[in-house]
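For this chain, numbers begin at 1 and follow the sequence in order. Counting convention: from 1, in listed order, for ligands and their atoms alike.
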Amino acid sequence: MPIFAAEKIRKTFWDSNQELKILTDVSLSLEKAEFACISGKSGCGKSTLLHILGLLEKPDSGRILINEREVSTLSADAPQMRNKLIGFVFQFHYLMDDLTALENVALPLMVAGNNRKESLEKAESLLSQLNLAQRLNHFPSQLSGGEQQRTALARALINNPSIILADEPTGNLDSAHSADVLELLQRINIDYGCTFLLVTHDLGIADKAQTHYKLENGTLYKLK
Ligand SMILES: Nc1ncnc2c1ncn2[C@@H]1O[C@H](COP(=O)(O)OP(=O)(O)O)[C@@H](O)[C@H]1O
Ligand SMILES: [Mg+2]
């Protein structure tokens, strides 16, 4: 049974009077604990697709199913569902500047209605597992790029999501740090059984992923 599926996703943008058919027919399906990636040229629609899969943006048509249940950006409970089921890691970490690492990671738990003390304790434990125990009270500006990325990863993981969607998770890092982040993602994938879908133009990641799709001309091709 797939844990996550998209069926016939279509998305067109309008640029003045010109129609940009970004996604014409995208379907994919991921099993639990699958480590998958999507590669493709800059501008081919990777981020657009990830935003749609993550219920941040509406497709023109098509369906998204999590645990075989149809989820839709149209429904009023989409934000709740998104917060519970999907963890996001963006290329630019979007950590809150005036919250500490600890508070950034605890935030999704508090938003989901958990009490502050328990949320902070759980965040501390997760950050410690990601080797950030010495950085709990640092603000994002006081963290290195790799530390910010690990904090963003902890924030994505904190609600035990069904799937983690990551947009160019190594995009801003040098090759040594990219390798570290990739290794960490794979460790989390194995240790927590968390399903991953990464979007990347880094073919090093594609090599290491279990499943590799290429996005081209608005559709996905499964390469492995
Ligand atoms: N809101 C928008 N309105 C119009 N065009 C957009 C919008 N968002 C993205 N695009 C265009 O869609 C294409 C795909 O963008 P994107 O998904 O960001 O590509 P990628 O992540 O693969 O580099 C680009 O040509 C971009 O300019
Ligand atoms: Mg992009």
Side-chain angles (χ1 to χ4, degrees), residues 4-30 34-64 66 71-74 78-79 82 86-95 140 145-146 148-153 155-156 161 163-175 177-182 184-185 189 195-224:
F4 187 91
E7 293 173 357
K8 297 189 177 301
I9 301 294
R10 191 184 265 274
K11 182 78 180 178
T12 299
F13 288 124
W14 288 89
D15 184 23
S16 46
N17 284 325
Q18 213 195 343
E19 196 180 20
L20 296 170
K21 291 187 172 165
I22 302 300
L23 306 172
T24 53
D25 180 10
V26 170
S27 298
L28 85 134
S29 135
L30 301 172
E34 189 164 345
F35 195 92
C37 85
I38 296 174
S39 67
K41 289 194 186 127
S42 175
C44 74
K46 301 183 297 299
S47 294
T48 303
L49 175 59
L50 210 67
H51 292 163
I52 289 172
L53 297 179
L55 314 181
L56 295 169
E57 205 169 313
K58 274 186 246 179
D60 298 335
S61 60
R63 304 202 306 158
I64 293 161
I66 302 183
V71 291
S72 160
T73 44
L74 298 170
R82 185 166 65 217
I86 303 172
F88 256 106
V89 183
F90 296 98
Q91 176 175 7
F92 305 101
H93 320 293
Y94 297 118
L95 295 169
Q148 288 179 33
Q149 191 59 303
R150 296 209 302 279
T151 305
L153 194 58
R155 182 187 53 187
I163 184 164
I164 298 229
L165 302 175
D167 193 354
E168 308 272 6
T170 62
N172 283 322
L173 303 174
D174 60 35
S175 57
H177 282 108
S178 296
D180 286 350
V181 167
L182 181 59
L184 179 62
L185 295 177
N189 170 244
T195 309
F196 276 84
L197 180 61
L198 314 183
V199 152
T200 182
H201 63 260
D202 177 351
L203 290 175
I205 291 193
D207 269 353
K208 294 219 166 80
Q210 184 187 350
T211 312
H212 178 195
Y213 292 95
K214 184 166 145 195
L215 181 60
E216 197 171 59
N217 301 324
T219 186
L220 278 184
Y221 300 90
K222 195 170 187 174
L223 301 183
K224 74 169 175 189

* Considering only protein heavy atoms, which is closest to atom 1 (N) of ligand 1, and at what distance to one decimal place? -> Phe13 CE2, 3.6 Å
* State whether any protein heavy atom lies less than 4.0 Å from atom 20 (P) of ligand 1. => yes
* To do: Would you mind running through ligand 1 and noting each atom that sits below 4.0 Å from a heavy atom of Ile22?
  => 12 (O), 13 (C)
* Asked: Do any nitrogen or oxygen atoms of Leu20 lie less than 3.5 angstrom from nitrogen or oxygen atoms of ligand 1?
  -> no
* To do: Considering the heavy atoms of Ser42, write down every atom of ligand 1 situated less than 4.0 Å from one of them.
  => 23 (O)
* **Non-hydrogen atom of Asp15 closer than 4.0 Å to ligand 1** => no
* Asked: Are there any protein N/O/S atoms under 2.8 Å from the Mg ion (ligand 2), and if so, which?
  -> Ser47 OG
* Contact check, Lys41 vs ligand 1, heavy-atom distance below 4.0 Å -> yes
* Asked: Between His201 and Ser42, is any side-chain donor less than 3.5 angstrom from a side-chain acceptor?
  -> no
* Asked: With a cut-off of 4.0 Å, which atoms of ligand 1 are near a heavy atom of Gly45?
  -> 14 (C), 16 (P), 17 (O), 19 (O), 20 (P), 22 (O)
* Structure fact -> Closest to atom 17 (O) of ligand 1 (heavy atoms only, candidates Leu215, Thr48, Ile52) is Thr48
* **atom 26 (C) of ligand 1 within contact range, any protein heavy atom under 4.0 Å** => no
* Which class fits the ring pair Phe90 and Phe88: parallel under 30°, tilted 30 to 60°, perpendicular over 60°? -> parallel
* To do: Check Leu185, Asp180, Leu198, Ile205 against Thr170 for a side-chain contact (heavy atoms from CB on, under 4.5 Å) and give me the one that passes.
  => Ile205
* Any atoms of ligand 1 less than 4.0 Å from a non-hydrogen atom of Cys44? List them with their elements. => 19 (O), 22 (O)
* Test log, rule side chain to side chain contact (heavy atoms under 4.5 Å, CB included), inputs Leu30 and Thr211 -> CA-CA 9 Å; Leu30 301 172; Thr211 312; 5.6 Å; no
* Structure fact -> Min over Ser16, Gly43, Ser47, Ser39 of heavy-atom distance to atom 23 (O) of ligand 1 lands on Gly43
* Asked: Would Asn217 and Thr24 count as a side chain to side chain contact (heavy atoms under 4.5 Å, CB included) if you check the C-alpha gap in whole Å, the side-chain angles of each, and the deciding distance to 0.1 Å?
  -> CA-CA 8 Å; Asn217 301 324; Thr24 53; over 6 Å; no
